[in-house]
Amino acid sequence: MSPNQLPGHPHIAFLGDELFIEGLRLSDLAHQYGTPLFVYSKAAMLSALAAYQRGFAGRKARICYAMKANSTLGVLQVFAQAGCGFDIVSGGELERVLAAGGQAEDIIFSGAGKTRAEMRQALQAGIGCFNVESEAELEVLSQVASEMGKVAPVSIRVNPDVDPKTHPYISTGLKGNKFGVPHESSLRAYQRAASLPGLKVKGIDCHIGSQITEEAPYLDAMDRVLDMVEAVEAAGIMLEHIDFGGGLGIDYQGDQPPAADALWAKLLAKLDARGFGQRMLMIEPGRSLVGNAGVCVTEVLYIKPGEQKNFCIVDAAMNDLPRPAMYQAYHAITAVRRTQQAAQTYDVVGPVCESGDWLGRDRELAVGPGDLLAVLSAGAYCMSMASNYNTRGRAAEVLVDADRAVLIRERETAADQMRGERLAFGPRT
Ligand code: LLP
């Protein structure tokens, strides 16, 4: 790899001393739209998607983008226009897909705590499938659908009890997790689903975790899911589709996850060997489609030398980029313009009043006040997890397509944040 390229970021690279995203300088975008600023490459999203599409060539498959990774309308539109379906987890996400031009029948609805109102909303819209996560949810969904004179298409999320070898907060397929129906009771859940008047069994579903960088957990989970398909079908309940969830990791810090097409070549070989290669396949990737398509550009406010640590205080914070504070996650950070200045070691921190408000620790950077930094791998689980803590407005977002930039989210104002709030009392007399 040339020293101008950034690991894992095919469409973000240095040209001379300036960092570019596709055909545009990040420093120009920061000056035009202000900071902190999320900038996404459309080509990077589409090339990540293309790896899955190559993997599924000649198969019956649907890629449902797990929009919790980044649910901004302009991002959803890229995937809707590329023919993706969507994996949603709330009524709000359903509204976003429809607003972005997605089709209801291409939506699957995951999540362990769907409310009756959300079920009604999704049935009314005519979504493709509910991924049901408990026996209690089956009962409620059947009741809600029957009351509406409808039949809900369902798949059951089975918990295969495999260790995805990732951060405990983002591993979901182990026995101790709140997700899915335990392997041992899945058959009973299917029999119950098949007997309920408001449900039509469509498929099976699993998702074992996120930021998975090894292929073994996927292959193990596939075996367990196929064992379950055999058991369910032996009981006379046919399954049209197999949904294999999301979870494929990205390169944050020299991570080497399998490429989507290479991983799927192995999974498809297993499906073929066990006679399931012609089933309708579905997947729910999130991070691997958007994570390395985005950066967050932030301005250095102050350099604060200390006895034990030097701090580089920037205008982005844990409310914009919560992953370091929440998971001690590593995001690479680079200056947007290379200089001959000597580098120093800094903790890169934000303005929020918490010691946990850091973006990177012990980073070698050659920067001073007014310089711009890019926090890398910021396309997934950053803006979609952003908050207004400290009454900080959420950042603006720009989508770049070749040499064109579109502002897809305006910077949030204090007035935006206060909309909907009321003073409790009249003026004091
Ligand atoms: N399907 C289901 C049912 C999920 O729960 C998830 C993610 C996905 C698909 C997409 O997984 P992905 O392909 O993005 O790994 N906030 C955490 C990640 C939480 C993931 C939650 N579920 C983070 O920033 O690392």
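Along the sequence shown, residues carry numbers from 1. Quick caveat, the model's predicted, so the values are computed rather than measured. Just follow the structure's listing: the first ligand is 1, and inside any ligand the first atom is 1.
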Within 4.0 Å of some non-hydrogen atom of Asp87, the atoms of ligand 1 are 1 (N), 2 (C), 9 (C)
Under 3.5 Å, is there a donor-acceptor pair linking the side chains of Asn131 and Ser155?
-> yes
Within a distance under 4.0 Å of any heavy atom of Glu284, pick out the atoms of ligand 1 and give their elements.
-> 1 (N), 2 (C), 3 (C), 8 (C), 9 (C), 10 (C), 13 (O)
Which bit of Ile212 gets closer than 4.0 Å to ligand 1, counting heavy atoms only: side chain, backbone, both or neither?
-> neither
Heavy-atom distances under 4.0 Å are what count here, so tell me which part of Met326 touches ligand 1: side chain, backbone, both or neither.
-> neither
Student check: side-chain heavy atoms of His183 and Asp161 closer than 4.5 Å | no
Proximity to ligand 1 by part of His207, non-hydrogen separation under 4.0 Å = side chain
Establish, from distance only, whether the side-chain atoms of Ser288 and Tyr52 form a donor-acceptor pair under 3.5 Å.
-> yes
For Glu215 and Leu263, indicate whether the former's side chain and the latter's backbone hold a donor-acceptor pair under 3.5 Å.
-> no
Numbered in order shown, the ligand 1 atoms found under 4.0 Å of a heavy atom of Ala66 are 8 (C), 9 (C), 10 (C)
Near Met385 (heavy-atom distance under 4.0 Å), the atoms of ligand 1 are 16 (N), 24 (O)
Should Arg157 be counted as touching ligand 1, given the test is an N or O pair under 3.5 Å?
-> no
Just which atoms of ligand 1 are under 4.0 Å from any heavy atom in Gly247?
-> 11 (O), 12 (P), 13 (O), 15 (O)
Are a donor atom and an acceptor atom from the side chains of Glu354 and Tyr389 found within less than 3.5 Å of each other?
-> yes
For side chain to side chain contact (heavy atoms under 4.5 Å, CB included), just list the numbers for Val229 and Arg279, CA-CA rounded to whole Å, side-chain angles, deciding distance to a tenth of an Å, and then say yes or no.
-> CA-CA 11 Å; Val229 175; Arg279 273 316 147 96; 4.1 Å; yes
Arg287 heavy atoms within 4.0 Å reach ligand 1 at atoms 12 (P), 13 (O), 14 (O), 18 (C), 23 (C), 25 (O)
Passes side chain to side chain contact (heavy atoms under 4.5 Å, CB included), Asn390 versus Asn319? Steps please.
-> CA-CA 8 Å; Asn390 284 200; Asn319 73 298; over 6 Å; no
Of the backbone atoms (N, CA, C, O) and the side-chain heavy atoms from C-beta on, which set of Pro285 has a member under 4.0 Å from an atom of ligand 1: side chain, backbone, both, or neither?
-> backbone
For the atom pair CE (Met282) and CD1 (Ile242), what is the distance rounded to the nearest 0.5 Å?
-> 11.0 Å
Considering distance alone, does some N or O of Ser110 sit under 3.5 Å from an N or O of ligand 1?
-> no
Ligand 1 to Gly286, heavy atom cutoff 4.0 Å, flagged ligand atoms 12 (P), 13 (O), 14 (O)
Flag the pair Asn70 / Tyr65 as yes when at least one side-chain heavy-atom distance between them is below 4.5 Å, and no otherwise.
-> yes
